[in-house]
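What follows is one structure encoded as structure tokens, with my remarks underneath.
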Amino acid sequence: MARRGGLVRLLVTLILLLLATLLAAASAVAEAATATAEVEVELAPATPAQNASEEAEQPQHLLPRPLIIKPPSSAAGAEEVLGEVPADAVAASLEVEVEVDLVPAAPAQDASEEVAADAQQHLPRPLVIDLPSSSAAGPRDGDDVPADVRCASWRLAAEANNLAPWKTVQAECAAHVQDYVTGVAYRSDLELVARESAAYARAAPLRGDGRDAWVFDVDETLLSNLPYYADHGLELFDHQKFDRWVERGEARAIHSSLKLYNEVRELGFKTFLLTGRSEGHQGVTMENLKKQGFHDWDKLILRAACDREKTATVYKSEKRKEMEEEGYRILGNSGDQWSDLLGYPMSVRSFKLPNPMYYIP
């Protein structure tokens, strides 16, 4: 009997413990539900009462609208953002900013239009860049290029042999060419050619058998005729006038060429002077060369009567061929005309001196 009473008390105790556990669980569930309801209430605050039509038109902002970041508009703000950016970069950026037109703000709208527009303004409007029209796109065909720049381009094309055969300097470029050949730029160009020629001559593989040769033109290569052109300008070339000038024997040495000539001689090259002057001017040409410091050349070659109708390219090619047939190796060739250098055979290296005054085919 006593044992049965103990079992009853134990059973009652277990039942009470089970009821207490259930009550505690129910209380925890109720508290969680209450907390969730409070959070939802905070995230979704109540909106003012709307009628059915307004609720249908109002867009549903289930997500927060994106942030629109506005760049600083004041100069102080620009400095704060750019920091240590170089001044030229800042200027370039400001130039771009000036050229960009932002879309202006739209005029005031009524309530319905404002709601519809607001639904489309989640992102900033794109920038509108106005490109220049074709009529304002810039110069065409060098219309507004300064004359001096056009003439410098013409002179470069002449030196590079990119022009069609020409007989005289363009009228608008006469002053430009005159300033060039009487100024420091012409002397500098001549000296540069001479330096490069000398560097090549020093490095050339001479065989030491007396057969390594260097060919020089005479006019505007060894001797300068600038006094003649100072008197006659850059007019159409007149052979008779020029022959009278040659007969005076007053052409001056080009000093950088004289220095090159002497160095080439000292290195052991045979020196051949190949000129377009006629054989009738041999004596005066020799005297003029010697008076200006040119001595001890190995051969002076002038045009014979049978060469008068030949172009300079053909005439000088034939003379170089004769040199090779005699066993000479032409390692260098200096001339102010492409006709001094082109044709066949050619030298191993050719050096073109500047001459924008005249063209000889």
Side-chain angles (χ1 to χ4, degrees), residues 159 161 187-224 251-277 279 281-304 306-307 310 312-355 360:
E159 297 295 354
N161 203 25
R187 295 196 303 273
S188 177
D189 290 346
L190 289 171
E191 290 170 359
L192 177 59
V193 176
R195 286 197 304 270
E196 292 300 317
S197 303
Y200 163 73
R202 289 190 292 268
L206 275 66
R207 298 186 187 180
D209 58 359
R211 293 294 175 177
D212 297 307
W214 196 292
V215 178
F216 287 95
D217 175 51
V218 173
D219 292 303
E220 271 60 66
T221 299
L222 297 182
L223 298 177
S224 172
R252 302 170 185 175
I254 296 176
H255 295 294
S256 55
S257 295
L258 177 58
K259 182 179 178 180
L260 172 65
Y261 173 87
N262 289 329
E263 184 169 358
V264 165
R265 291 283 307 165
E266 292 172 0
L267 288 171
F269 285 88
K270 296 294 182 181
T271 50
F272 297 121
L273 311 188
L274 178 54
T275 177
R277 294 185 177 191
E279 288 182 338
H281 292 140
Q282 180 173 355
V284 69
T285 299
M286 292 176 63
E287 290 300 321
N288 197 166
L289 285 166
K290 291 176 181 179
K291 186 169 62 175
Q292 294 298 320
F294 297 96
H295 303 283
D296 302 324
W297 56 80
D298 292 281
K299 187 180 292 187
L300 173 62
I301 305 171
L302 301 97
R303 274 185 188 259
C306 60
D307 299 319
K310 299 175 183 176
T313 303
V314 172
Y315 156 66
K316 294 196 172 187
S317 294
E318 291 177 352
K319 296 306 177 183
R320 290 196 301 269
K321 185 173 180 60
E322 292 175 7
M323 297 175 198
E324 289 194 346
E325 289 174 348
E326 294 173 4
Y328 292 101
R329 296 177 295 274
I330 306 175
L331 301 186
N333 187 6
S334 298
D336 66 292
Q337 297 291 316
W338 284 101
S339 55
D340 298 331
L341 312 173
L342 299 179
Y344 181 83
M346 292 179 63
S347 61
V348 176
R349 279 290 303 274
S350 297
F351 295 91
K352 170 72 168 64
L353 282 71
N355 183 358
I360 299 177

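The two residues Ala253 and Phe294 come nearest to each other via the heavy atoms CB-CE1, 3.8 Å. Minimum heavy-atom separation, Tyr344 to Arg320: N-NH2, 4.2 Å. Nearest heavy-atom pair, Tyr328 versus Ala213, reported as atom, atom and distance to 0.1 Å: CB-CB, 4.3 Å. Residue Phe272 comes nearest to Asp298 through the heavy atom pair CE2-CB, 4.1 Å, listed as atom of the first residue, atom of the second, then distance. Considering every non-hydrogen atom in both Thr313 and Ser339, the closest pair reads OG1-CB, 3.2 Å. Taking each heavy atom of Asn262 and Gly293 in turn, the nearest pair found is OD1-O, 4.4 Å.
Two residues are said to be in side-chain contact when any heavy atoms from C-beta on lie closer than 4.5 Å; Leu190 and Pro354 meet this criterion. Residues Trp214 and Ser197 are in side-chain contact: their nearest non-hydrogen atoms beyond the backbone lie under 4.5 Å apart. In this structure, the side chains of Trp297 and Leu289 come closer than 4.5 Å at one or more pairs of heavy atoms. Annotation: side chain of Gln292 is not in contact with side chain of Leu258 (no heavy-atom distance under 4.5 Å). Side-chain contact check for Ser317 versus Lys321: every heavy-atom pair is 4.5 Å or farther apart. At a threshold of 4.5 Å between non-hydrogen side-chain atoms, the residues Asn161 and Leu342 count as touching. Residues Thr221 and Ile254 form no side-chain contact, since every pair of their non-hydrogen atoms from C-beta on lies 4.5 Å or further apart.
Atoms OG and CE, on Ser347 and Met323 in that order, are 10.5 Å from each other to the nearest 0.5 Å. One distance of note links NZ of Lys316 with CG of Asn333; it measures 8.0 Å at 0.5 Å rounding. To the nearest 0.5 Å, the span separating CZ on Arg207 from CG on Leu331 amounts to 8.5 Å. Note that the CG atom of Leu302 and the CE atom of Met286 stand 9.5 Å from one another [nearest 0.5 Å]. For the atom pair Gln282 CD and Arg303 CZ, the distance stands at 15.5 Å (nearest 0.5 Å). Between the CD atom in Glu318 and the CG atom in Leu274 there is a gap of 11.0 Å [rounded to 0.5 Å].
Judged by distance alone, the side chain of Glu191 and the main-chain N or O of Ser256 form no donor-acceptor pair under 3.5 Å.
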Original post:
Where do Tyr261 and Phe216 land on the ring-ring contact (aromatic ring centres under 6.0 Å, His included) test, with the steps shown first?
Top reply: CA-CA 9 Å; Tyr261 173 87; Phe216 287 95; 5.7 Å; yes
Original post:
Going through the distances and angles, do Arg329 and Glu324 end up as a salt bridge (charged side-chain N to carboxylate O under 4.0 Å, His left out)?
Top reply: CA-CA 6 Å; Arg329 296 177 295 274; Glu324 289 194 346; over 6 Å; no
**OP:** Apply side chain to side chain contact (heavy atoms under 4.5 Å, CB included) to the pair Leu353 and Ser257, showing each step before the final yes or no.
**Re:** CA-CA 10 Å; Leu353 282 71; Ser257 295; 3.7 Å; yes
Subject >> Stepwise side chain to side chain contact (heavy atoms under 4.5 Å, CB included) check, Leu223 with Arg252 >> reply: CA-CA 5 Å; Leu223 298 177; Arg252 302 170 185 175; over 6 Å; no
**OP:** Start with the C-alpha gap between Leu260 and Ser334, add the side-chain angles, then the distance that decides, and say whether side chain to side chain contact (heavy atoms under 4.5 Å, CB included) holds.
**Re:** CA-CA 10 Å; Leu260 172 65; Ser334 298; 4.2 Å; yes
Original post:
Given Ile301 and Leu273, is the side chain to side chain contact (heavy atoms under 4.5 Å, CB included) satisfied, shown in steps?
Top reply: CA-CA 6 Å; Ile301 305 171; Leu273 311 188; over 6 Å; no
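Looking at residues two or more places apart in sequence or on another chain, you find no side chain to side chain donor-acceptor pair (under 3.5 Å) involving Lys319.
Dense packing is recorded around NE2 of His281, with more than 12 heavy atoms of other residues, nucleotides or ligands lying under 6.0 Å away. Enclosure of atom NZ in Lys310 by more than 12 non-hydrogen atoms of other residues, nucleotides or ligands within 6.0 angstrom is indicated.
A salt bridge (charged side-chain N to carboxylate O under 4.0 Å, His left out) with Arg277 is found for one member of Asp307, Asp219, Asp217 and no other, namely Asp219.
Ion pairing between a basic and an acidic side chain is recognised when a charged N comes within 4.0 Å of a carboxylate O; Lys299 and Glu326 show such pairing. Electrostatic pairing of Glu263 and Arg202 counts as a salt bridge here, judged by a charged N lying under 4.0 Å from a carboxylate O. Asp336 has no carboxylate O lying under 4.0 Å from a charged side-chain N of Lys352, or vice versa, which leaves the two without a salt bridge.
Side-chain atoms of Thr271 and Arg265 form a donor-acceptor pair, as typed in the model, at a separation below 3.5 Å.
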